[in-house]
Amino acid sequence: MRPLRRWLDDTAGGLPATFWYLWAGLLINRAGAFAMLFLSLYLTSARSASEAVAGAVVGAYGAGGAAGVLLGGVLADRWGRRSTLLAAHLVTAALMVALAFSRHLVVIAVLAALVGVVHSMPSPAFVAAIVDVVPEQRRSRAFNLQFWAFNLGMAVASLLAGVLAEASFVALFLVDAAATLLAAVVIAWKVPETLPGRAARRAPILDSSRSTRTETVQDPGDGAPATAAGRGRVGGPVRPGGRSRRPGLHTALTDRVFLVFVGLTFVLAVLTLQTSTIMPLAMRTDGLSPSAYGVVVALGGVLIVLGQLFVPRLIERHRKDHVLAVSTGLLALGFGALAYADDLPVYLGAAVVWTVGSMLAAPPNAQINADLAPPELRARYQSVFYLAFPAASFVAPTLGGVSLQYLGERHWLIVGGLGLLAAAGHLWAGPPRERRVAALRRAAAEHPEPALTGS
């Protein structure tokens with residue numbers, strides 16, 4: 001019993017109550033997130049759209065998400081985490097009901113783009129709220145549990161959605177709307193506002209732009225500004241006349257080390273989105289049913305539910321860039337193997353490989369993202385990071401639909417090659433990333449953020 005208690009404490013111990021309510025809201029939301037997972041099949045089966053048109057409509061969802069994630073980050077830092085979450089969930093529910101009863105492809109495309117906006121808005125607020133309330137030494141376990149909840153919900157959604165899709169596509173949208181409303185109720189009832197107060201927002205931050213002229217000392221390894229010797233203060237870029245430009249979204253958008261990490265995350269997202277955008281079309285071409293697709297997606301969710309809680313101990317002694325390189329390589333091999341898949345067992349075997357890669361990537365990816373963000377710009381950095389996902393939601397189906405239509409199974413070889421290049425990229429980008437994190441921690445030690453328990 002003692003080893004079990006130690007494992008439970010290492011996995012989920014010491015996390016505040018607010019985190020668990022956020023976790024519950026995420027789990028409820030994902031367990032009912034049927035609609036966009038099956039959107040490409042809905043368009044081709046129920047609306048007689050071609051593969052290219054279906055890819056374009058799903059791409060509109062991703063394009064809307066690109067705007068939504070930036071809007072969500074700005075609102076979460078200015079308006080508040082809780083308010084942003086509530087607004088996004090309520091509007092999402094209304095749009096899902098509208099999608100359920102829409103018949104024209106143009107209307108569906110417009111609604112899909114709007115859903116992309118509001119679907120992406122909560123991501124920066126969720127992560128910023130977690131970072132607000134969870135102490136730094138426990139954030140890795142919090143992010144691991146967040147990823148676990150996301151995939152537990154996806155496993156439930158995939159199993160139920162495969163059955164519902166064969167009975168009624170309208171039900172997919174209505175159940176999605178109901179689950180989103182329930183998640184909003186949990187947040188409204190139990191999650192307080194976690195946005196740090198004015199005193200915390202006035203605390204000095206580390207501006208990461210390489211174009212700054214501030215009271216900083218440049219790290220010769222990667223250009224990241226560090227605290228000035230003897231001053232312990234850093235500021236924003238200096239404007240003509242000696243006034244500093246107020247840090248904002250532009251700070252994250254000009255942070256080169258951070259943007260390299262975001263670019264590699266974009267490739268990771270393009271790979272993982274193959275399961276919900278291109279793989280169902282490939283499986284249909286191979287004569288497999290929607291329920292077979294649901295089984296493949298559910299297998300990944302089940303593997304994550306059973307194994308994700310053991311990942312932190314498995315990777316804790318290894319460098320984050322090495323773990324990300326291995327995980328991205330596994331994703332590349334898993335999806336590349338689909339070039340030779342013709343029946344369900346091969347799809348299931350490939351799913352095991354790419355799921356292990358996703359499991360290994362989740363904790364270090366989230367931890368690096370949190371570590372690179374200055375406290376005052378926490379949600380804005382999250383929004384730029386999460387921009388990779390709606391961007392991938394546009395690129396993966398839009399280019400993937402055309403690629404699958406004209407290249408056939410060679411599409412998967414291209415996807416695999418892209419993943420192997422990203423694996424090499426993590427090894428190249430890892431050292432400067434670690435130097436940036438060290439600089440931020442030095443600045444945080446000199447100007448600690450006010451504690452927030454959120455319990």
Side-chain angles (χ1 to χ4, degrees), residues 15-33 36 65-66 68-93 115-136 138-154 157 179-196 252 262 265 269 308 362-363 365-373 375 377-390 393 452 454:
L15 297 171
T18 296
F19 166 78
W20 290 111
Y21 291 124
L22 289 164
W23 182 89
L26 177 65
L27 177 61
I28 293 168
N29 184 291
R30 297 316 305 172
M36 307 317 289
V69 75
L70 294 176
L71 177 62
V74 173
L75 290 178
D77 272 343
R78 292 185 177 180
W79 191 16
R81 312 338 186 182
R82 183 176 182 270
S83 299
T84 302
L85 289 171
L86 287 175
H89 280 75
L90 293 174
V91 176
T92 296
V115 170
V117 173
V118 291
H119 254 184
S120 298
M121 283 175 60
S123 297
F126 261 123
V127 178
I130 290 172
V131 177
D132 289 340
V133 301
V134 177
E136 182 179 353
R138 295 171 184 163
R139 286 174 190 163
S140 180
R141 71 182 68 170
F143 290 133
N144 193 63
L145 288 166
Q146 177 199 13
F147 183 73
W148 185 63
F150 182 92
N151 285 277
L152 176 59
M154 286 290 290
T180 303
L181 279 176
L182 182 57
V185 169
V186 172
I187 293 167
W189 182 30
K190 287 294 187 180
V191 177
E193 181 54 65
T194 66
L195 179 66
V262 172
T265 302
Q308 188 66 45
N365 213 49
Q367 186 65 53
I368 291 169
N369 179 34
D371 289 344
L372 289 173
L377 304 179
R378 189 165 285 156
R380 288 176 173 86
Y381 264 66
Q382 296 298 331
S383 72
V384 174
F385 171 78
Y386 277 99
L387 185 63
F389 298 97
S393 296
L452 288 169

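In this chain, residues are counted from 1 in sequence order. Quick note: numbers below take in every heavy atom, side chains included, and nothing from hydrogens, waters or symmetry partners.
The distance from atom CE of M121 to atom OG1 of T84, rounded to the nearest 0.5 Å, is 6.0 Å. We find the CG-CG distance between L71 and L75 to be 4.5 Å, quoted to the nearest 0.5 Å. Separation of atoms CD (E193) and CG (L85) is listed at 8.5 Å; rounding is to 0.5 Å. For the atom pair Q382 CD and R81 CZ, the distance stands at 9.0 Å (nearest 0.5 Å). Distance check, rounded to the nearest 0.5 Å: CZ of F385 to CG of N365 gives 4.5 Å. Atom OG of residue S120 and atom CG of residue L70 lie 9.5 Å apart, to the nearest 0.5 angstrom.
Within the 4.5 Å cutoff, the side chain of V384 has no heavy atoms near those of the V69 side chain. Residues T180 and I28 are not in side-chain contact: their nearest non-hydrogen atoms beyond the backbone lie 4.5 Å or more apart. Considering only heavy atoms from C-beta on, V127 comes within 4.5 Å of Q146 through its side chain. Residues V134 and F143 have side chains not in contact (no heavy-atom distance under 4.5 Å, counting atoms from C-beta outward). Contact of the I130 side chain with the R139 side chain is not registered, since no non-hydrogen atoms from C-beta on lie closer than 4.5 Å. Inter-residue side-chain proximity for R380 and R78 is flagged as met; some heavy-atom pair is nearer than 4.5 Å.
Remark: V191 engages T18, Y21, L22, I187 in a side chain to side chain contact (heavy atoms under 4.5 Å, CB included) (not counting sequence neighbours).
When atom types are taken as modelled, the side chain of N144 and the backbone of A362 share no donor-acceptor pair closer than 3.5 angstrom.
H89 and F126 have perpendicular rings, their planes meeting at more than 60° on a 0 to 90° scale where under 30° would count as parallel.
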Query raised in the report: Which is it for L15 and L145 under the side-chain contact (heavy atoms from CB on, under 4.5 Å) test, yes or no, and what are the steps along the way?
Result: CA-CA 11 Å; L15 297 171; L145 288 166; 3.4 Å; yes
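Minimum interatomic distance between G73 and S383 (heavy atoms only, all atoms of both residues): CA-CB, 3.5 Å.
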